[in-house]
S.K.: 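Before anything else, here's the structure in question.
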Amino acid sequence: MPEPVRLLQAGAGGMGRAWLRTIAANPDVELAGLVDLDVEVARAAADEHGFRDVPVAASIDELAGAADALIDVTVPAAHPTVSVDALLRGLPVLCEKPLAETVRECLGMVAAAEVSGKLLMVSQSRRYFRAVTAFQRQLAELGPIGTLTCEFYKAPHFSGFRERMAEPLLVDMAIHQFDLSRKLIGAEPVSVYCDSYNPSWSWFDGNAAASAIFTYTDGTRFAFSGSWCAAGLETSWNGRWRASTPGGTATWDGDNPPVAALSSGEDLPAVMTDDPEEIAGSLSEFVDAIRTSTTPQSEVHSNVVSIAMVEAAVRSARAGVPVQIADVINDAYTEALDTITTPALQAALAAWPNPLKAVGLD
């Protein structure tokens, strides 16, 4: 048996505590240290989860030498600083979603991964539901997807920053569904037309509802419709999915095993596995990628496209016209060249012959 991977975790808030539970349950890893700006919070979180002997600190600098990799569970605004710092110290990084708040910042993180030669992976935890894997298998048997739809209707009262955001549904939630559409379709998005709005009874300041249609390179259309102020008959937090193919139709309610039927009317059973789910699945794939030097799903180059889908949807909603994903990435690249000042990262970005090719779109 290989030695456990020694993890340094940055962030001891609510999601950080979920990661501590996940680390404690995985025999392939061990916690080497916990970092948080509030050291008392870090100490309390470590103690509560059985890590009483694990050191805590206010910065990565104090504990990086004892670790093989870093889990970045800080707030999204801190991801570019924390993850890049760890990468340039020689640590592979598993970063909570979203990778960053803008595509521009994401490209700087791609450059840091290239400069360091270390893995930067994003935890898109909804890719790891067993039902998603079963759904994907059914779609592979049914044939190429013509239309994929996702309905997302919930009525959460978060309080705090989400209720003050300009585009809370698109920016804080839709990344999950947008990213999952890429996994299920198996192609890349080309463009999006999006309309966002705020129902009259909404308790959000910004637009809590949106509809978006993405066109993919293979001609597939992905239609997302959702609201965060839709009380009654709510969907799963994963949404309610339907795929139409030449071989039949498959549906997933977001919680239970998917259901599929061939065009002949015959049922296509769901094959469920016992693979680890959600962030446990992310951690398992991260550890395997480190040990085998393989490229995991949601590796940083690829994940930039999911962030670009969100940014493109917001841009479309504001302009009222379709937006090309390539335009979002090219604009972000130009901005990154102008604003990223670290010489090594600047040089890495400047060396790209094509930013679209760098993220797998060309």
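What you see below is based on every heavy atom in this structure, not just the backbone, and it leaves out hydrogens, waters and symmetry mates. One-based numbering along the sequence shown.
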S.K.: Whether the side chain of Gln346 engages the backbone of Thr341 through a donor-acceptor N/O pair (distance < 3.5 Å, no angle test) should be reported.
M.R.: no
S.K.: What pair of heavy atoms forms the shortest contact from Pro168 to Ala208, and how long is it?
M.R.: CG-CA, 4.2 Å
S.K.: Walk me through it: do Ser123 and Trp19 pass the test side-chain contact (heavy atoms from CB on, under 4.5 Å)?
M.R.: CA-CA 11 Å; Ser123 178; Trp19 273 100; 3.6 Å; yes
S.K.: Are Phe178 and Phe214 close enough that their ring centres sit under 6.0 Å apart?
M.R.: yes
S.K.: Side chains of Phe224 and Glu151, heavy atoms from C-beta outward: is any pair under 4.5 Å?
M.R.: no
S.K.: When rounded to the nearest 0.5 angstrom, what distance separates CG in Leu88 from CG in Leu345?
M.R.: 6.0 Å
S.K.: Taking atom CG of Asp53 as the centre, does the number of heavy atoms from other residues, nucleotides or ligands within less than 6.0 Å exceed 12?
M.R.: no
S.K.: For side-chain contact (heavy atoms from CB on, under 4.5 Å), just list the numbers for Leu87 and Asp85, CA-CA rounded to whole Å, side-chain angles, deciding distance to a tenth of an Å, and then say yes or no.
M.R.: CA-CA 6 Å; Leu87 288 166; Asp85 183 13; over 6 Å; no
S.K.: With a 3.5 Å distance limit and no angle check, can you tell me whether Ser293 reaches the backbone of Ala289 through a side-chain donor-acceptor pair?
M.R.: no
S.K.: Give a yes or no on whether the backbone of Ala312 and the side-chain of Ser316 come within a donor-acceptor separation of less than 3.5 Å.
M.R.: no
S.K.: First locate atom CE of Met173, then atom CZ of Phe152, and finally report the distance between them rounded to the nearest 0.5 Å.
M.R.: 4.0 Å
S.K.: Mind checking the CD1-CD spacing from Ile279 to Glu96? Nearest 0.5 Å is all I need.
M.R.: 6.5 Å
S.K.: Answer yes when Asp47 and Arg43 have at least one side-chain N-carboxylate O distance shorter than 4.0 Å, and no when they do not.
M.R.: yes
S.K.: Are Met309 and Leu356 linked, directly or through other ILVMFWY residues, by side chains that come within less than 4.5 angstrom of each other?
M.R.: yes
S.K.: Under the 3.5 angstrom rule, does the side chain of Lys154 hit a backbone N or O of Thr235 as a donor-acceptor pair?
M.R.: yes
S.K.: Kindly say whether Pro80 contributes a backbone atom to a donor-acceptor pair with the side chain of Ser83 at under 3.5 angstrom?
M.R.: no
S.K.: Are Leu63 and Val93 connected in the hydrophobic side-chain network, where two residues link if heavy atoms are under 4.5 Å apart?
M.R.: yes
S.K.: Dump the intermediate steps for side-chain hydrogen bond (donor to acceptor under 3.5 Å, both in side chains) on Gln297 and Ser302, then the final yes or no.
M.R.: CA-CA 8 Å; Gln297 58 184 319; Ser302 174; over 6 Å; no
S.K.: Ring centres of Tyr153 and Trp228 under 6.0 Å apart?
M.R.: no
S.K.: Going by heavy atoms in the side chains, are Ser196 and Glu167 under 4.5 Å from each other?
M.R.: yes
S.K.: Using 0.5 Å steps for rounding, measure from the CD1 atom of Ile175 to the OG atom of Ser306.
M.R.: 5.0 Å
S.K.: CG of Leu37: more than 12 outside heavy atoms within 6.0 angstrom?
M.R.: no
S.K.: Can you find a side-chain donor-acceptor pair between Gln124 and Ser282 that sits under 3.5 Å?
M.R.: no
S.K.: With a 6.0 Å cut-off on ring centres, are Phe222 and Tyr216 close enough?
M.R.: no
S.K.: Please find the pair of heavy atoms, one from Leu139 and one from Ala250, that lie closest to each other, and give the distance.
M.R.: CD2-CB, 3.9 Å
S.K.: Leu180 and Val304: same hydrophobic cluster, using ILVMFWY side-chain contacts below 4.5 Å?
M.R.: yes
S.K.: Inspect the contact between Asp179 and Arg126 and indicate whether a charged nitrogen and a carboxylate oxygen are less than 4.0 angstrom apart.
M.R.: no
S.K.: Kindly indicate whether the side chain of Ser236, heavy atoms from C-beta on, has any atom under 4.5 Å from the side chain of Trp252.
M.R.: no
S.K.: Under 3.5 Å, side chain of Glu277 to main-chain N/O of Arg130, donor-acceptor pair present?
M.R.: yes
S.K.: Please say which of Leu91, Leu283, Leu94, Val287 ends up in a side chain to side chain contact (heavy atoms under 4.5 Å, CB included) with Leu7.
M.R.: Leu283
S.K.: Closest heavy-atom contact between Leu34 and Gly11?
M.R.: CD1-O, 3.8 Å
S.K.: Could you walk me through whether Val305 and Arg182 pass the side-chain contact (heavy atoms from CB on, under 4.5 Å) check?
M.R.: CA-CA 9 Å; Val305 179; Arg182 295 177 60 212; 3.7 Å; yes
S.K.: Is it true that Asp28 and Arg291 make a salt bridge, defined as a side-chain N closer than 4.0 Å to a carboxylate O?
M.R.: yes
S.K.: Report yes if the side chains of Thr147 and Thr220 come closer than 4.5 Å at any heavy-atom pair, otherwise no.
M.R.: no
S.K.: Which heavy-atom pair separates Lys183 from Arg127 by the least distance, and what is that distance?
M.R.: CE-O, 3.5 Å
S.K.: Is the backbone of Pro269 close enough, under 3.5 Å, to the side chain of Asp267 for a donor and an acceptor to pair up by distance?
M.R.: no
S.K.: Using a strict cut-off of less than 4.0 Å between a Lys/Arg side-chain nitrogen and an Asp/Glu carboxylate oxygen, indicate whether Arg6 and Asp68 qualify as a salt bridge.
M.R.: yes
S.K.: How long is the span from the CZ atom in Arg221 to the CD1 atom in Ile213, to the nearest 0.5 Å?
M.R.: 8.5 Å
S.K.: Show your reasoning for whether side-chain hydrogen bond (donor to acceptor under 3.5 Å, both in side chains) applies to Thr273 and Asp275.
M.R.: CA-CA 6 Å; Thr273 66; Asp275 296 330; 3.1 Å; yes
S.K.: Does a donor on one side chain sit under 3.5 Å from an acceptor on the other, for Asp253 and Asn256?
M.R.: yes
S.K.: So that I can tick it off, tell me whether Asp205 and Arg162 are bridged by a salt bridge, with the cut-off set at under 4.0 angstrom between side-chain N and carboxylate O.
M.R.: no
S.K.: Does any N or O in the side chain of Arg137 come within less than 3.5 Å of the main-chain N or O of Val271, such that one atom is a donor and the other an acceptor?
M.R.: yes
S.K.: Checking Arg104 against Asp338 for the salt bridge (charged side-chain N to carboxylate O under 4.0 Å, His left out) test, could you report, in this order, the C-alpha distance in whole Å, the side-chain angles of both residues, the deciding distance, and whether it holds?
M.R.: CA-CA 10 Å; Arg104 174 190 64 81; Asp338 290 340; over 6 Å; no
S.K.: Should Gln136 and Thr133 be marked as a side-chain hydrogen bond (donor to acceptor under 3.5 Å, both in side chains) after you check the CA-CA gap, both sets of side-chain angles, and the distance that decides it?
M.R.: CA-CA 5 Å; Gln136 190 175 26; Thr133 303; 5.4 Å; no
S.K.: With salt bridge (Lys or Arg N to Asp or Glu O under 4.0 Å) as the rule and sequence neighbours excluded, what pairs involving residues 105-125 come up?
M.R.: none
S.K.: Assess the residue pair Arg89 and Asp61 against the criterion (salt bridge (charged side-chain N to carboxylate O under 4.0 Å, His left out)); give the C-alpha distance rounded to whole Å, side-chain angles, the decisive distance to 0.1 Å, and a yes or no.
M.R.: CA-CA 9 Å; Arg89 292 176 183 275; Asp61 183 58; 3.2 Å; yes
S.K.: Could you check Leu169 against Asn207 for side-chain contact (heavy atoms from CB on, under 4.5 Å), going step by step and ending with a plain yes or no?
M.R.: CA-CA 7 Å; Leu169 181 72; Asn207 293 326; over 6 Å; no
S.K.: What about Val41 and Val54, same hydrophobic cluster or not, with Ile/Leu/Val/Met/Phe/Trp/Tyr joined at side-chain heavy-atom distances under 4.5 Å?
M.R.: no
S.K.: Short question: side chain of Glu299, backbone of His301 - any donor-acceptor pair under 3.5 Å?
M.R.: yes
S.K.: I need the Leu148 CG to Trp241 CH2 distance, nearest 0.5 Å.
M.R.: 5.5 Å
S.K.: If only atom types and distance count, is the side chain of Thr245 paired as donor or acceptor with the main-chain N or O of Gly248 below 3.5 Å?
M.R.: yes
S.K.: Using only heavy-atom distances, determine whether the side chains of Thr292 and Thr294 contain a donor-acceptor pair under 3.5 Å.
M.R.: yes
S.K.: Applying the 4.5 Å side-chain criterion to the ILVMFWY set and letting contacts propagate, would Met109 and Leu337 be lumped into a single cluster?
M.R.: yes
